[in-house]
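Reviewing the structure listed below.
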Amino acid sequence: MFSDIGLTALRWNRSMTSNTPDGDRRHTASTTSIFYAAVTLTIVAALCLPSEGRAQQSPRSACDKIDTQFAVSPTVPDNADALRKYERNVSGLSSDVSTVMLGDSLVEAWPKDLSATLGAGVVANLGVGRDRIQNTLWFIEHDRERLRQIKPKTIVVLVGTNNIYLDKPCGVMESYRKLFGEIRSLWPGGTIYSIHILPRGEQMKGAADNIAYVNSELSRRSRELGIRTIDASSVACGTTPCANYKGDLLHLTPPGYEVLTRITRQGIGSP
């Protein structure tokens, strides 16, 4: 799987060879080194393509056994900083927490003055950037005993955007099913509010079909999953750039969080 750069390097490598007296072709050491460096860079570039550049599964593609296994397996985060954030979040919990927020960077970056209005009592933001649903599952599994020490009445979940380019939509739904089950087991007296995956990307159409399918399934299966859903898609603008989104068209600006907070407050019935 070569890109145009890789093919160019290959052609260049061939053109920079010479014939020995017995007819064998040979490379100079420097040419060979440059060739392999070019191929290595090509492979690295292919592995590091932005998520928006990955091919998308059809929203209705079925999951096989491996897809399901991947979806429901708690997964340790891919960096130590995330583990430090988990530890800091849990060690800072107080027994009077009434609202818990779980999710990825969209939760972690939620301004404290706004998130504090989502509940009548103490609001604990446990969001960690880059989290996929499987990472949040790992967090609950790993810190279950300490998390049991609090008894939140409200659990706000916003996670899944980091899954949408990696997993089949059916796999994302399997991840959610597992996550919501674990949350109910951990805090049986709480009500789970799942905020739909937010629009993203150019013209707010990044992975739009898959996001729409997953959000629709969350709403359709909300009773089965034991959740209440919140549609916050109106945080997005009709076109991009959008004042509610940062330049990456994924993360929110302060005005975006003001809109998201208002929608979430309405969804959970906060005054």
Side-chain angles (χ1 to χ4, degrees), residues 71-78 81-94 96-112 114-119 121-164 167 172-198 214-215 218 222 225-230 232 250-252 257 260-261 263-265 267-268 270:
V72 301
S73 297
T75 305
V76 65
D78 62 2
D81 283 343
L83 297 181
R84 292 187 184 95
K85 289 175 183 177
Y86 288 144
E87 179 62 29
R88 184 169 63 248
N89 287 342
V90 173
S91 62
L93 288 175
S94 59
D96 57 347
V97 167
S98 66
T99 299
V100 164
M101 302 171 67
L102 293 170
D104 50 40
S105 57
L106 291 168
V107 172
E108 182 183 358
W110 205 309
K112 189 172 183 178
L114 295 176
S115 64
T117 69
L118 297 180
V122 175
V123 177
N125 186 330
L126 305 183
V128 173
R130 295 168 58 107
D131 261 14
R132 294 181 295 116
I133 302 171
Q134 292 93 331
N135 302 135
T136 307
L137 275 170
W138 181 89
F139 168 54
I140 291 175
E141 179 182 81
H142 182 260
D143 282 304
R144 185 181 304 275
E145 291 310 310
R146 287 194 288 179
L147 290 170
R148 283 189 190 278
Q149 304 307 308
I150 60 174
K151 309 293 182 185
K153 296 299 183 184
T154 301
I155 302 98
V156 177
V157 179
L158 176 54
V159 68
T161 196
N162 294 326
N163 291 78
I164 207 67
D167 305 339
V172 178
M173 289 305 303
E174 286 297 318
S175 296
Y176 276 128
R177 180 187 60 77
K178 176 75 169 180
L179 176 62
F180 297 141
E182 292 297 321
I183 294 172
R184 288 198 311 275
S185 174
L186 179 63
W187 297 311
T191 302
I192 304 169
Y193 295 89
S194 177
I195 301 174
H196 283 175
I197 298 175
L198 301 181
V214 170
N215 287 343
L218 284 173
S222 60
L225 296 169
I227 64 172
R228 299 181 185 180
T229 59
I230 297 175
L250 169 62
H251 296 96
L252 301 181
Y257 274 111
L260 181 60
T261 300
I263 294 170
T264 305
R265 282 168 54 86
I268 64 180
S270 295

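Since this is a predicted model, take the numbers as computed values, not measurements.
Among R146, H142, Q149, the single residue meeting the side-chain contact (heavy atoms from CB on, under 4.5 Å) criterion with V90 is R146.
Looking only at side-chain heavy atoms (C-beta outward), Q134 and D167 come within less than 4.5 Å of each other. No side-chain heavy atom of L126 sits under 4.5 Å from any side-chain heavy atom of T136. Side-chain contact between V128 and N135 is absent, with no heavy atoms from C-beta onward closer than 4.5 Å. Looking at V97 and V123, their side chains never come closer than 4.5 Å, going by heavy atoms from C-beta outward. The shortest side-chain heavy-atom distance between V100 and L93 does not fall under the 4.5 Å cut-off. Residues I155 and Y193 form no side-chain contact, since every pair of their non-hydrogen atoms from C-beta on lies 4.5 Å or further apart. With a 4.5 Å cut-off on side-chain heavy atoms, L83 and V76 count as touching.
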Practice prompt. Check step by step if side chain to side chain contact (heavy atoms under 4.5 Å, CB included) holds for T99 and V122.
Written response: CA-CA 6 Å; T99 299; V122 175; over 6 Å; no
Discussion item. Pair R144, L186 - check side chain to side chain contact (heavy atoms under 4.5 Å, CB included), show working.
Written reply: CA-CA 7 Å; R144 185 181 304 275; L186 179 63; 3.9 Å; yes
Item to complete: Any chance you could lay out the side chain to side chain contact (heavy atoms under 4.5 Å, CB included) test for T154 and T191, step after step, and finish with the verdict?
Response: CA-CA 5 Å; T154 301; T191 302; 5.6 Å; no
Item to complete: Kindly indicate, with the supporting measurements, whether the criterion side chain to side chain contact (heavy atoms under 4.5 Å, CB included) is fulfilled by L218 and M173.
Response: CA-CA 8 Å; L218 284 173; M173 289 305 303; 3.9 Å; yes
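Not a single donor-acceptor pair under 3.5 Å links the side chain of S185 to the backbone N or O of G181. For N162 (side chain) and D131 (main-chain N/O), a donor-acceptor pair under 3.5 Å exists by modelled atom type. A donor-acceptor contact shorter than 3.5 Å links the side chain of T75 to the backbone of S73. Side-chain N or O atoms of D143 include none that pairs as donor or acceptor with a backbone N or O of I140 at under 3.5 Å. W187 places a side-chain N or O within 3.5 Å of a backbone atom of I150 that can act as its donor or acceptor partner. Of the possible polar contacts, none joining the D96 side chain to the G121 backbone as a donor-acceptor pair under 3.5 Å is found. A donor-acceptor pair is defined here as one N or O able to donate and one able to accept, closer than 3.5 Å; no such pair exists between the side chain of N125 and the backbone of S115.
The two atoms that bring L102 and F139 nearest to each other are CD2-CE2, 4.0 Å, heavy atoms only. Contact detail for V72 and E174: the closest heavy-atom pair is CG1-O, 3.8 Å. Nearest heavy atom pair, residue N163 against residue S175, reads ND2-OG, 4.4 Å. Between S222 and T229, the shortest heavy-atom contact is CB-CG2, 4.3 Å. When all heavy atoms of G127 and N89 are compared, the closest pair comes out as O-ND2, 3.8 Å. The minimum heavy-atom distance between Y176 and V159, with the atom names listed, is OH-O, 2.5 Å.
Distance check, rounded to the nearest 0.5 Å: CD1 of I227 to CZ of F180 gives 4.0 Å. One distance of note links OH of Y257 with CG of L252; it measures 5.0 Å at 0.5 Å rounding. Taking CD1 of I192 as the reference point, atom CD1 of I183 lies at 5.0 Å (rounded to 0.5 Å).
By the side-chain hydrogen bond (donor to acceptor under 3.5 Å, both in side chains) test, K85 is found to be paired with E108, residues two or more places apart in sequence or in another chain being considered. Partners of H196 by side-chain hydrogen bond (donor to acceptor under 3.5 Å, both in side chains), not counting sequence neighbours, listed by chain and number: S219. Qualifying side-chain contact (heavy atoms from CB on, under 4.5 Å) partners for T161, counting only residues two or more places apart in sequence or in other chains: D104, L106, I197, R200, L250.
Defined by atom type and a distance below 3.5 Å, a donor-acceptor pair is missing between the side-chain atoms of D81 and Y86. In this structure, a donor-acceptor pair under 3.5 Å is present between the side chains of T261 and W110.
A salt bridge does not link E182 with R177: every distance from a Lys NZ or Arg NE/NH1/NH2 to an Asp or Glu carboxylate oxygen is 4.0 Å or more. Looking at E145 and R148, a side-chain N of the basic residue comes within less than 4.0 Å of a carboxylate O on the acidic one, giving a salt bridge.
Counting non-hydrogen atoms of neighbouring residues, nucleotides and ligands closer than 6.0 angstrom, the CZ atom of R184 exceeds 12 such neighbours.
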